[in-house]
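Sequence lines set the chain letters: A, B, ... in the order given, protein chains first and strands last, and positions in each chain run from 1.
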Amino acid sequence: MAIMKERFSERYLEFWEVIRQVPEGKVATYGQIAALAGYPGNARQVGYSLHASPPEIDIPWHRIINAQGKISLPKESGHYDLQRSLLEKEGVIFKNERVNLRKYRWQP
DNA sequence: GCAGTGACTAGTA
DNA sequence: ATACTAGCCACTG
């Protein structure tokens, strides 16, 4: 499988390094992660890196949402409900499928 | 190599 | 509020 390559690009590793710093009960956006990792404008790659990330890396992938405060995963996939329940378990409140970013956004 | 796709975003209308 | 656009770049066929 393509995702099981031994090495990932340095860019992906940088993304995951930043994501690892997002604390419990807080969220960050894809664009925010990209900018903090030193790749502003590469929000899409952040999403792709998570899609391709192997389970053995231990990162809070569920704390990453889009700039509208919504979950970017399709509801049909089942991953949507997983991400939402993981966040709610940490105290993040959803209102109309949306998180209040002004309240829950991680500020490094 | 080229075109399409995607866990994106900021801008404009 | 919605809709469309350009920019973004790794991956796939």
Side-chain angles (χ1 to χ4, degrees):
Chain A
M1 303 205 265
I3 66 170
M4 287 308 282
K5 290 181 198 164
E6 290 231 341
R7 279 186 63 80
F8 291 90
S9 70
E10 171 134 359
R11 178 174 298 200
Y12 283 19
L13 300 177
E14 296 272 4
F15 291 157
W16 298 339
E17 192 68 30
V18 176
I19 292 169
R20 231 187 296 271
Q21 299 173 45
V22 181
E24 187 176 321
K26 290 287 180 182
V27 299
T29 68
Y30 297 95
Q32 186 180 358
I33 298 299
L36 287 171
Y39 300 92
N42 287 35
R44 277 197 112 112
Q45 303 321 115
V46 174
Y48 203 97
S49 77
L50 289 175
H51 183 79
S53 66
E56 51 263 32
I57 66 169
D58 194 19
I59 57 175
W61 60 270
H62 58 283
R63 297 183 188 134
I64 312 304
I65 59 180
N66 65 31
Q68 291 113 53
K70 298 201 281 192
I71 290 173
S72 285
L73 292 164
K75 297 190 187 67
E76 312 84 49
S77 73
H79 292 295
Y80 176 93
D81 290 322
L82 173 61
Q83 180 170 12
R84 176 165 173 160
S85 58
L86 284 171
L87 285 174
E88 288 177 329
K89 197 161 55 180
E90 297 182 351
V92 177
I93 307 300
F94 280 78
K95 201 164 298 181
N96 288 16
E97 321 239 313
R98 189 182 307 218
V99 170
N100 185 341
L101 280 177
R102 293 210 292 186
K103 180 171 180 181
Y104 293 106
R105 187 200 286 269
W106 171 51
Q107 315 273 19

Separation of A/Gln45 atom CD from C/dG7 atom P, in whole Å?
16 Å
Output the rounded distance in Å from CZ (A/Phe15) to P (B/dG6).
19 Å
What is the nucleic acid contact for A/Ser49, judged by heavy atoms within less than 4.0 Å: base, sugar-phosphate only, or nothing?
nothing
Over all strands shown, is A/Arg98 touching base, sugar-phosphate only, or nothing at heavy-atom distances under 4.0 angstrom?
sugar-phosphate
May I ask you to verify whether the side chain of A/Tyr30 and the base of B/dA7 hold a donor-acceptor pair under 3.5 Å?
yes
Among B/dC8, C/dC9, B/dA7, the nucleotide that comes nearest once only the side chain of A/Gln83 is considered
B/dA7
d(CG, A/Leu36; P, B/dC8) in whole Å
18 Å
To the side chain of A/Asn42, which of C/dC8, B/dA7, B/dA10 is closest?
C/dC8
Taking atom NZ of A/Lys26 as the centre, does the number of heavy atoms from other residues, nucleotides or ligands within less than 6.0 Å exceed 12?
yes
Out of B/dA7, B/dT9, C/dA10, whichever nucleotide has its closest atom nearest the side chain of A/Arg11:
C/dA10
Is the A/Tyr39 ring parallel, tilted or perpendicular to the A/Phe15 ring (thresholds 30°, 60°)?
perpendicular
When the distance from NE2 of A/His79 to P of B/dG6 is rounded to whole Å, what number comes out?
15 Å
Starting at atom CD1 of A/Ile65, determine the distance to atom P of B/dT9, rounded to an integer number of angstrom.
9 Å
Here the distance between atom P of C/dA10 and atom CD of A/Glu10, to the nearest Å, is 13 Å
Can you say whether the rings of A/Tyr12 and A/Trp16 are parallel (under 30°), tilted (30 to 60°) or perpendicular (over 60°)?
tilted
Has A/Asn96 got a side-chain atom pairing as donor or acceptor with A/Arg98's backbone, closer than 3.5 angstrom?
no
Starting at CG of A/Leu73 and ending at C1' of B/dA7, how long is that distance when rounded to a whole Å?
5 Å
Taking only the C1' atom of each, what is the distance from B/dG6 to C/dC8 in whole angstrom?
11 Å
In whole Å, I'd like the distance from the CD atom of A/Gln68 to the P atom of B/dT9.
7 Å
In terms of the nearest nucleotide of DNA chain C, which residue is placed more toward the 5' end: A/Pro40 or A/Tyr48?
A/Pro40
So, does A/Gln32 use its side chain to make a donor-acceptor pair with the main chain of A/Trp106 at under 3.5 Å?
yes
